[in-house]
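To start, the structure under review is shown below, and the notes come after it.
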Amino acid sequence: MNTTTEDRELAERIRQYMVSHHLTLATAESCTSGRIAATLTSVSGASDYFQGGMVVYQNALKTRFLGVSPELIAEHDVVSEAVVRQMAEGCLELYGTDYCICSTGYTGGGSERVASGTIWLAYGRKGDIHTHCLHLDASREDNTATAALTAVKLLAAIL
């Protein structure tokens with residue numbers, strides 16, 4: 001993965017804010033496959049606030065590590081606002097961080113209920129989780145890159 005100047009500038013802005021406010025951050029990613037974490041850690045000093053990240057592609061891991069309810073997945077689809085919100089709550093709990101960013105989506109191919117290119121993002125802190133849905137129609141790689149950059153931008157906007 002190659003980070004762009006925009007990626008690094010956002011990562012640096014987040015790093016500066018987090019460090020100056022003594023805050024921590026973690027990620028739990030499905031469709032972005034660690035690209036959000038890679039963007040955040042593309043700048044020197046990221047270890048001063050970034051606690052870790054997890055790629056949870058399989059539903060069983062979303063359940064085991066993040067506490068996502070299998071019933072919620074069955075009811076709403078794994079690519080849904082309800083699931084990404086539960087992922088965020090679980091990520092904050094698992095890592096004990098102040099903030100998190102999470103993703104779930106279909107970057108290429110969809111399901112019977114959810115179209116290809118649908119990506120849900122969650123970001124924020126305990127009691128203040130924000131969600132955002134993307135509907136993209138580019139290649140799998142471009143959809144992944146767009147989702148990761150959007151997630152980082154969304155977090156930066158609330159700091």
Side-chain angles (χ1 to χ4, degrees), residues 1 3 7 10-11 14 17-18 23-42 46 49-159:
M1 182 201 97
T3 55
D7 292 333
L10 282 166
I14 290 169
Y17 182 88
M18 292 285 178
L23 298 169
T24 56
L25 174 71
T27 60
E29 305 179 58
S30 186
C31 65
T32 50
S33 304
R35 193 164 183 151
I36 296 168
T39 298
L40 294 167
T41 59
S42 68
Y49 79 95
F50 187 76
Q51 300 299 297
M54 172 184 295
V55 175
V56 284
Y57 233 64
Q58 299 298 316
N59 292 347
L61 296 181
K62 290 176 181 75
T63 297
R64 182 178 352 155
F65 293 114
L66 301 174
V68 175
S69 161
E71 294 79 21
L72 196 68
I73 293 171
E75 181 180 346
H76 296 279
D77 195 274
V78 69
V79 177
S80 65
E81 182 177 23
V83 168
V84 80
R85 184 174 294 279
Q86 207 165 61
M87 287 174 65
E89 292 165 357
C91 182
L92 289 166
E93 180 71 26
L94 177 68
Y95 285 98
T97 56
D98 300 298
Y99 282 86
C100 71
I101 305 176
C102 301
S103 68
T104 185
Y106 297 122
T107 57
S111 74
E112 292 178 11
R113 296 187 286 177
V114 179
S116 177
T118 303
I119 300 166
W120 276 98
L121 305 169
Y123 55 99
R125 63 189 313 161
K126 190 172 186 173
D128 191 25
I129 300 293
H130 304 266
T131 59
H132 185 82
C133 187
L134 298 169
H135 299 282
L136 306 173
D137 63 0
S139 69
R140 182 179 178 89
E141 175 62 26
D142 288 345
N143 288 346
T144 301
T146 298
L149 180 58
T150 301
V152 173
K153 283 181 178 180
L154 289 167
L155 178 68
I158 65 166
L159 298 179

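Predicted, not measured: the structure shown is a model, and the values here were computed from it. Basis for what follows: all heavy atoms, side chains included, without hydrogens, waters or symmetry-related copies.
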On a heavy-atom basis, which atom in [X] and which in [Y] lie closest, and how many Å separate them?
X: Leu23; Y: Tyr49; answer: O-CB, 3.4 Å
X: Leu72; Y: Ala82; answer: CD2-O, 3.6 Å
X: Ala115; Y: Thr118; answer: O-OG1, 2.9 Å

>> Checking Leu149 against Asp7 for the side chain to side chain contact (heavy atoms under 4.5 Å, CB included) test, could you report, in this order, the C-alpha distance in whole Å, the side-chain angles of both residues, the deciding distance, and whether it holds?
In response: CA-CA 7 Å; Leu149 180 58; Asp7 292 333; 3.0 Å; yes
Measuring from [X]:[atom1] to [Y]:[atom2], what's the distance to the nearest 0.5 Å?
X: Leu40; Y: Met18; atom1: CG; atom2: CE; answer: 8.5 Å
X: Leu25; Y: Leu155; atom1: CG; atom2: CG; answer: 6.0 Å
X: Ile36; Y: Thr27; atom1: CD1; atom2: OG1; answer: 6.5 Å
X: Met87; Y: Leu121; atom1: CE; atom2: CG; answer: 10.0 Å
X: Leu10; Y: Thr39; atom1: CG; atom2: OG1; answer: 9.0 Å
X: Ile101; Y: Thr150; atom1: CD1; atom2: OG1; answer: 11.0 Å

Keeping [X] on the side-chain end and [Y] on the backbone end, is there a donor-acceptor pair under 3.5 Å?
X: Ser116; Y: Gly110; answer: no
X: Thr41; Y: Ala37; answer: yes
X: Ser80; Y: Val83; answer: yes
X: Glu29; Y: Met54; answer: no
X: Thr63; Y: Val68; answer: yes
X: Thr146; Y: Asn143; answer: no
X: Lys62; Y: Tyr57; answer: yes

>> Set out, in order, the CA-CA distance, both residues' side-chain angles and the distance that settles side chain to side chain contact (heavy atoms under 4.5 Å, CB included) for Tyr106 and Val114, then state yes or no.
In response: CA-CA 8 Å; Tyr106 297 122; Val114 179; 3.7 Å; yes
> Does Glu75 pair with Arg113 as a salt bridge, N-O distance under 4.0 Å?
Replying inline: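 Salt bridge between Glu75 and Arg113, a charged N being under 4.0 Å from a carboxylate O: no.
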> Are any of the side-chain nitrogens in Glu81 or Arg85 under 4.0 Å away from the carboxylate oxygens of its partner?
Replying inline: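 Yes, charged N to carboxylate O under 4.0 Å.
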Heavy-atom side-chain contact between [X] and [Y] under 4.5 Å:
X: Asn59; Y: Pro70; answer: no
X: Thr144; Y: Cys31; answer: no
X: Trp120; Y: His132; answer: no
X: Ile129; Y: Leu92; answer: yes
X: Ile158; Y: Tyr123; answer: yes
X: Gln86; Y: Leu66; answer: no

>> Taking CG in Asp128 as the centre, count heavy atoms belonging to other residues, nucleotides or ligands within less than 6.0 Å. Is the count above 12?
In response: yes
Under a 3.5 Å cutoff, is there a donor and acceptor pairing between the side chains of [X] and [Y]?
X: Ser69; Y: Glu71; value: yes
X: Thr97; Y: Thr24; value: no
X: Ser111; Y: Asp77; value: yes

